[in-house]
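The structure appears right after this line, and notes come after that.
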Amino acid sequence: MRLVRMTAGRSINLALSTRGIYALRQAGLWEGMRNIIIPMKGRMMHSVAGELTFQPYGKNETEVINSISRAELNIALMNAAEERGATIHFDRRCTGYDLRTGAIQLRNELTDEETTSEAGVVIACDGSASAIRTEMLKLSRFNLSQQYLDYGYKELTIPADDEGKHQLETHALHIWPRGNHMLIALPNIDGTFACILFLPFEGADSFASLTTQTQVVTFFESRFPDAARLMPLLADNYFSNPTGAMVTIKCSPWHVEGRAMLLGDAAHAIVPFFGQGLNCGFEDCTYLMELLDKHGPNWTLVFGEFESERKVNADAIADMAIENFTEMRDRVADSRFLFRKKVELALEAKYPQLFVPKYAMVTFHRIPYSVALARGAVQDRILSELCEHVDRVEDLDWRQADQLIRQALTPLEICP
Ligand SMILES: Cc1cc2nc3c(=O)[nH]c(=O)nc-3n(C[C@H](O)[C@H](O)[C@H](O)COP(=O)(O)OP(=O)(O)OC[C@H]3O[C@@H](n4cnc5c(N)ncnc54)[C@H](O)[C@@H]3O)c2cc1C
């Protein structure tokens, strides 16, 4: 990435939030990243008629998510790793791993030369199609589930205007929610927006049904007309960029005794709708470092404790990410949903230790994901009861709210 410019089609930017920022701070890297992020204060929903509705993500201006360039982030991480003495071997593909001896096979992608490395300990961060995980299938009682969505994604671009500025509100994540399909756009620091189109693979209005330039342009002009006007290269981008698939991976164990451990997407790939895959991977690093501080390089102990602390939380964010897909493509356009969001913020203002919206627990705090999932379900029931016959926050029955909240929720431990 330090040599080759990234182009659309490979996820140009990511939403970085509290868990990722905490890990970067611990590594002393966050301050240096401020010039490669754009804070996004909320969702900007675009209706077919071009009406805009802004919905803040959090309770104040500090609760934002940050659009960060994937390439710039990787470059900063690689530079920092090298400054601290790491050696990066590029173009070496892991093609095998001996579960018994810990030897790792590598193929030089440029010369096809095969080598074996007698690694003492392997931390496998080789993503959702992990080669080490594939080898772990040979372990007796290795559990693996992979669940693909029927939807794919494609990256597109909204260019900057003639002065290099953003053509849509800069500090927002833009969403065009349309039921069974959706377009989103995140700002880049160069004035462009990286857009992602989510569509079913098959059926009407699907990647399979959009096969000509005219079909693509007509589809966009009828579903996302305000975005289509800003995308002069839409049809070219559409056909030159790949269509990606989205998968949820759950597996166990994550480690082979004290010899190897999966981390990040290799252990727990999730769909991108909560903007948490990278954040969760960075949080893995926070936990791993804490355990190494606690136990030293007693890898069997460290890996075992790591998995028992993280697995339940990785499973929880995987489930919440799938749930959030329906919310983003469907419910954000619904007035009752927007009202419930307002009620959530009002409840949080009154009960900051007791009622923290699920989105905030996941995005703005380091509350374990499994706690966010469980409390989110309880809070959902409370919200349904409180909102049942009410259309305005002023009309909420605060006595009922007080009773329901104090009965069902204990104070939260809010970590820094
Ligand atoms: C469309 C999309 C949007 C997303 N948006 C967000 C977001 O907004 N916020 C967020 O937090 N997350 C987001 N994610 C998720 C995020 O990209 C991943 O969770 C994150 O990149 C995982 O990091 P990782 O290091 O575990 O794996 P990866 O980023 O996949 O890195 C794996 C690395 O291993 C290398 N590798 C793979 N196989 C081998 C092999 N056999 N040998 C050697 N090397 C190998 C790869 O080249 C790569 O460098 C998104 C994902 C997608 C697809």
Side-chain angles (χ1 to χ4, degrees), residues 1 4 6 8-24 37-38 40 57 65-71 73-75 77-78 81 88-97 104-109 114-115 117 119 122-135 148-149 151-156 173 182-188 194-198 241-249 254 261-285 288 310 314 317-318 320-321 324-325 328 362-363 369:
M1 284 175 181
V4 183
M6 293 266 290
R10 303 179 65 201
S11 178
I12 294 174
N13 51 24
L14 297 151
L16 178 70
S17 52
T18 298
R19 294 167 205 264
I21 293 172
Y22 183 84
L24 289 170
I37 57 151
I38 297 182
M40 299 179 289
Y57 278 126
I65 59 175
N66 302 282
S67 174
I68 187 163
S69 143
R70 192 185 276 271
L73 173 63
N74 272 288
I75 289 169
L77 293 177
M78 287 189 283
I88 305 174
H89 301 274
F90 291 98
D91 296 306
R92 302 291 190 286
R93 175 168 296 276
C94 170
T95 52
Y97 174 69
I104 187 164
Q105 282 109 53
L106 298 166
R107 187 178 63 230
N108 185 323
E109 297 274 84
E114 302 271 351
T115 50
S117 173
V122 174
I123 305 209
C125 309
D126 52 347
S128 60
S130 168
I132 301 284
R133 194 186 65 231
T134 303
E135 291 292 337
Y148 280 92
L149 290 186
Y151 285 73
Y153 72 91
K154 193 179 280 286
E155 293 233 338
L156 302 163
L173 189 153
M182 155 172 94
L183 181 72
I184 66 169
L186 278 77
N188 291 311
C195 305
I196 309 182
L197 170 69
F198 296 96
N241 293 340
T243 306
M246 290 171 285
V247 68
T248 302
I249 304 267
W254 284 355
M261 187 179 76
L262 307 172
L263 188 138
D265 274 20
H268 47 67
I270 62 177
V271 295
F273 304 105
F274 225 122
Q276 283 296 309
L278 161 87
N279 288 287
C280 180
F282 277 176
E283 190 171 63
D284 281 355
C285 301
L288 184 59
R310 290 302 285 159
I317 189 59
M320 288 190 281
N324 227 40
F325 183 31
M328 277 180 89
V362 168
T363 311
Y369 289 124

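FYI, side chains are in, hydrogens and waters are out, and symmetry mates aren't considered; it's all heavy atoms of this structure. Numbering of ligands and ligand atoms starts at 1, following listing order. Positions are given from 1, in the same order as the sequence printed here. Keep in mind the model is a prediction, meaning the values are calculated, not measured.
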- Using the test side chain to side chain contact (heavy atoms under 4.5 Å, CB included), find all partners of Ala185 that sit at least two apart in sequence or belong to another chain. His174, Trp176, Phe193, Cys195
- side chain to side chain contact (heavy atoms under 4.5 Å, CB included) involving Thr115 - partner list, sequence neighbours excluded: Leu106, Glu113
- Query: Counting only heavy atoms, which portion of Gln276 has something under 4.0 Å from ligand 1: side chain, backbone, both, or neither?
  - Reply: backbone
Below the 3.5 angstrom mark, is there an N/O of [X], backbone or side chain, next to an N/O of ligand 1?
{"X": "Leu278", "value": "yes"}
{"X": "Asn13", "value": "no"}
{"X": "Asn279", "value": "yes"}

- Task: Could you tell me whether the side chains of Glu283 and Tyr22 share a donor-acceptor contact shorter than 3.5 Å?
- Result: no
Give the atom numbers and elements of ligand 1 that come within less than 4.0 Å of a heavy atom of [X].
{"X": "Ala131", "answer": "41 (N)"}
{"X": "Gly264", "answer": "26 (O)"}
{"X": "Pro272", "answer": "2 (C), 3 (C), 4 (C), 50 (C)"}
{"X": "Gly275", "answer": "7 (C), 8 (O), 9 (N), 10 (C), 11 (O)"}

- Message: Could you measure the distance from the CD1 atom of Ile132 to the CE atom of Met261? Nearest 0.5 Å is fine.
- Response: 12.5 Å
- Message: Restricting to non-hydrogen atoms, name the atom on Asn13 and the atom on Ser67 that form the minimum distance, rounded to 0.1 Å.
- Response: ND2-OG, 3.5 Å
- Pair Glu135 + Arg133: basic N to acidic O under 4.0 Å: no
- Going by heavy-atom distance to atom 44 (N) of ligand 1, choose the closest among Glu155, Arg19, Arg92. Arg92
- Message: Using heavy-atom distances only, which candidate in Cys94, Ala15, Cys125, Ala245 approaches atom 8 (O) of ligand 1 most closely?
- Response: Ala15
- Task: Check the angle between the aromatic planes of Phe198 and Tyr153 and answer parallel, tilted or perpendicular using the 30° and 60° thresholds.
- Result: tilted
